[in-house]
> 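Input: one structure, supplied below.
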Amino acid sequence: MLQFNPIVDVIQFNRLSERDYQLDALHNFVYPDYFLETILPEFVKNMVFGGHDQKGIQVIGSYGTGKSHLMGLVQLVAENADNLAELRNEQAREIMQPIAGKFMVHRFELQHNNSLWRIVTFEIQRFLDSHDIDYKFDENSLKSYGEQLSEMMAAFEDKYPDKGFILAIDEMLQFLRLRAESGNLESELPVLQALGQACNNTKFVFMFGVQELIYSAREFQFAADMLRKVKDRYRDLSIRREDVSYVVQKRLLDKTEQQKAIIREHLKPFTLFFADMHGNIEKYVNLFPVHPSYIENFEKIKLAQSQREILKTLSRQFDKIKDNDIPENEPGLITYDQYFEQMMQDASMMANPDFKLVSDTVHLVHDKIENNFEGPRRKQIPLAKRIANACGIKIIQAMLNKQNGATAETLTDDLCPVFAIMEDREFLLDQVGNCANLIVKATSGQYFDRKENDEFALRTEGGINPDQLIKDYADSLSPALRDKAFSAFMVEMLGIDTDPCRTGFDIYTHELIWKSHRITRDGYIFFGSPNEKSTTHPRQHFYMIFMPVFRTDIQRGHDTDEVYFVMDGLTNEFKDAVCMHGASTALFNSAPTEQKTIFRDKMQHWFTKARDAFKACYLDATKIYFR
């Protein structure tokens with residue numbers, strides 16, 4: 001019954017130069033309506049020569065949803081007009097005609113933890129050298145990123161006046177996460193901003209793929225202001241949930257009429273018990289072995305990462321059952337509660353605060369089920385856990401405080417449970433409803449409840465422990481991020497109320513009054529590394545540098561215009577408190593709406609603790625060095 005084309009790997013950029021691989025990517029592309037109506041026209045709008053308000057292109061799509069395939073398709077057509085004829089969709093050929101063969105392309109995956117500018121210029125230089133284009137990037141140049149990109153494109157157009165240049169990068173999000181962990185994210189964002197800005201009114205096109213919007217990633221919230229500036233330079237093209245479900249149906253689940261007839265006969269006896277199956281038998285046949293509600297519920301999920309690897313997940317599930325006989329005593333459908341199990345095993349999903357809260361709640365409910373379903377009820381444990389998983393999917397389809405849930409009737413039709421003895425549909429509804437009520441009893445209604453509208457739903461507010469969350473987050477901070485928390489605290493303590501004077505760095509302008517001369521002197525306050533002084537302009541009369549207190553590998557300088565505040569002697573009490581304040585601030589920024597107040601109070605609590613500890617120790621702990 002399963003003769004499907006599995007999707008087990010995403011498109012690999014480094015293989016797009018192979019002709020067989022190119023043809024496979026061109027021939028197997030599936031075109032949802034939204035791609036034809038919006039996504040592909042947006043690509044062309046931002047690439048066609050002489051366009052207006054053109055920006056960089058950010059393609060958002062989880063693993064397996066076609067993000068890399070989409071970017072690869074556009075690149076292949078743009079660099080070779082002959083590839084236009086290989087597209088299996090006439091409308092797509094018409095849309096991409098204006099860019100066909102108009103570009104030269106350089107593509108690569110980010111697999112380094114070096115600076116973004118260094119990696120980008122190295123890759124562009126490889127491209128330039130391979131095509132004998134007379135331009136060399138100077139890593140010591142004081143010219144802005146934008147100036148250097150403009151000069152590069154001028155040299156490119158001298159050699160290829162009729163062509164544009166596409167720079168395409170995959171796996172950007174993981175790279176940025178690594179840079180954030182090492183305390184270097186803020187120095188990378190101006191590079192992204194410059195690359196996007198360079199696309200306007202030029203023949204330069206920059207596109208990259210990410211698994212989720214970088215602007216909403218939890219670990220980047222400390223750089224929210226700079227992220228907003230980056231956002232202005234990019235078009236965000238998202239692969240929607242319905243686009244993915246279209247690919248599931250068209251690429252994974254096509255069937256012959258003979259296969260459909262056999263499946264129809266198999267499902268027919270179960271229509272007596274499942275009303276939705278009875279009323280929509282053809283939909284069940286067409287999507288077999290996927291339950292139609294799997295895709296329908298998937299499309300309703302609100303979380304940005306909810307699509308992660310769904311196509312690969314279904315392919316693996318098909319592969320697991322392909323050699324089995326279709327079971328005679330049950331429908332044999334893949335239901336959406338199984339998808340929640342997959343999501344709970346996904347580390348990237350756990351980085352989403354809303355999903356982690358739901359996942360933690362479901363795990364707790366599972367434990368309550370194991371401990372409270374005793375005697376004959378132990379046979380109901382598998383169904384009870386499936387109900388909890390299904391309610392996990394339901395609650396992430398809306399704001400968590402809405403407690404979105406499902407009735408016994410909905411759960412019966414969606415999960416298609418079977419029992420050794422099934423008299424009729426009413427009997428089945430009673431069994432599912434009784435099992436759900438036992439979960440309510442097992443959790444005392446604290447984590448799983450029955451609402452007034454008879455929906456069963458998770459109660460995520462029942463189990464949050466903000467103090468433990470803050471402690472765990474603080475323990476996970478790298479030395480660089482601990483120093484980031486320290487500098488944020490010192491900005492508050494020193495009463496600095498201006499923005500940093502250099503984007504992406506903790507550097508502030510400061511003015512001192514020279515009383516005896518009745519004039520002022522301008523300078524800077526630094527938090528962090530003294531080597532940033534050399535690239536800070538304009539030069540001023542003095543530099544007050546507060547050295548890191550957690551990193552030990554940064555050395556002082558010895559210039560006569562520098563004053564160093566070294567606080568190596570600060571107490572552990574203060575250091576712990578300032579890390580807890582930094583952690584509570586980060587959790588406040590990423591918390592779901594209903595928890596904002598909780599973490600705001602924790603921020604204030606830990607700031608007060610850090611302030612009191614600091615006042616008690618800083619006089620003895622501070623050494624000042626100057627020449």
> Checking the side chain of Asn80 only, and the main-chain atoms of Leu76 only, is there a donor and an acceptor separated by less than 3.5 Å?
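No: the side chain of Asn80 does not pair with the backbone of Leu76.
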> Atom OG of Ser130 and atom CE of Met104: how far apart are they, to the nearest 0.5 Å?
7.5 Å
> If I take atom CD from residue Gln58 and atom NZ from residue Lys67, how far apart are they, to the nearest 0.5 angstrom?
10.5 Å
> Is a donor from one side chain sitting under 3.5 angstrom from an acceptor on the other, for Tyr145 and Glu147?
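Tyr145 vs Glu147: no donor-acceptor pair found between side chains.
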> Pair His106, Ile166 - check side-chain contact (heavy atoms from CB on, under 4.5 Å), show working.
CA-CA 6 Å; His106 186 65; Ile166 296 176; over 6 Å; no
> Would you give the length of the straight line joining atom CZ of Arg179 to atom CG of Leu185, rounded to the nearest 0.5 angstrom?
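Between atom CZ of Arg179 and atom CG of Leu185 there are 9.0 Å.
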> More than 12 foreign heavy atoms under 6.0 Å from CD of Glu90: is that the case here?
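12 or below, so no.
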> Relative to the ring of Phe607, is the ring of Phe489 parallel (under 30°), tilted (30 to 60°) or perpendicular (over 60°)?
tilted
> For Asn531, look at atom CG and say whether over 12 heavy atoms of other residues, nucleotides or ligands are found less than 6.0 Å away.
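Yes, the 6.0 Å shell around CG holds more than 12 heavy atoms from other groups.
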> Where is the tightest heavy-atom contact between Gly164 and Phe49, given as atom of each residue plus distance?
N-CZ, 3.5 Å
> Give, for atom CG of Asp158 and atom CG of Asp134, the distance between the pair rounded to the nearest 0.5 Å.
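Taking CG in Asp158 and CG in Asp134, the distance rounds to 9.0 Å.
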> Classify the ring geometry between Tyr135 and Phe137 as parallel (under 30°), tilted (30 to 60°) or perpendicular (over 60°).
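Perpendicular, since the angle between the ring planes exceeds 60°.
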> Classify the ring geometry between His131 and Tyr160 as parallel (under 30°), tilted (30 to 60°) or perpendicular (over 60°).
perpendicular
> Can any side-chain N or O of Arg93 pair as donor or acceptor with the backbone N or O of Leu87 at less than 3.5 Å?
yes
> Looking at every heavy atom in both Ser115 and Phe175, which two are closest together, and how far apart are they?
C-CZ, 4.4 Å
> Is it possible for you to check whether Lys623 lies under 6.0 Å from the centre of the six-membered ring of Phe565, through NZ or CZ, and within 45° of that ring's axis?
no
> Does Lys143 come within less than 4.0 Å of Asp138, counting only side-chain N to carboxylate O?
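So Lys143 does not pair with Asp138 through a salt bridge.
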> Check the angle between the aromatic planes of His510 and Phe542 and answer parallel, tilted or perpendicular using the 30° and 60° thresholds.
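Perpendicular, since the angle between the ring planes exceeds 60°.
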> Should we count NE2 of His52 as having more than 12 external heavy atoms under 6.0 Å?
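Not buried by this count: 12 neighbours or fewer within 6.0 Å.
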> Side chains of Arg107 and Gln75: is there a donor and an acceptor less than 3.5 Å apart?
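The criterion, which ignores hydrogens and geometry beyond distance, is satisfied for Gln75 and Arg107.
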> Which pair of heavy atoms, one from Met603 and one from His581, lies closest together, and at what distance?
O-CD2, 3.2 Å
> Looking at CZ of Phe127 and CG of Asp129, how far apart are the two atoms once the value is rounded to the nearest 0.5 Å?
10.5 Å
> Which atoms form the tightest heavy-atom contact between Ile507 and Phe526, and what is the distance?
CD1-CE2, 3.8 Å
> CG of Asp236 to NZ of Lys231: how many Å apart, nearest 0.5 Å?
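It is 5.5 Å, given to the nearest 0.5 Å.
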> Where is the tightest heavy-atom contact between Phe103 and Lys163, given as atom of each residue plus distance?
N-CD, 4.1 Å
> Report yes if some heavy atom in the side chain of Phe527 is under 4.5 Å from a heavy atom in the side chain of Ile545; otherwise report no.
no
> May I ask you to establish whether Arg556 and Tyr625 are in a cation-pi arrangement, using a distance under 6.0 Å from NZ or CZ to the six-membered ring centre and at most 45° from the ring axis?
yes
> Check whether any side-chain N or O of Tyr543 sits under 3.5 Å from a backbone N or O of Gln540 as a donor-acceptor pair, and report yes or no.
yes
> Tell me the closest heavy-atom pair linking Gln54 and Lys45, and the distance in Å.
NE2-O, 3.1 Å
> Does Asp483 reach the main-chain N or O of Phe550 with its side chain, forming a donor-acceptor pair under 3.5 Å?
yes
> Going by atom types alone, do Arg627 and His558 pair a side-chain donor with an acceptor below 3.5 Å?
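No - no donor-acceptor pair under 3.5 Å links their side chains.
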> Is there a side-chain contact between Asp506 and Lys484 (heavy atoms, below 4.5 Å)?
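Contact flag for Asp506/Lys484 side chains = yes.
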> Under a 3.5 Å threshold, yes or no: a donor from one side chain and an acceptor from the other, between Asn184 and Glu188?
no
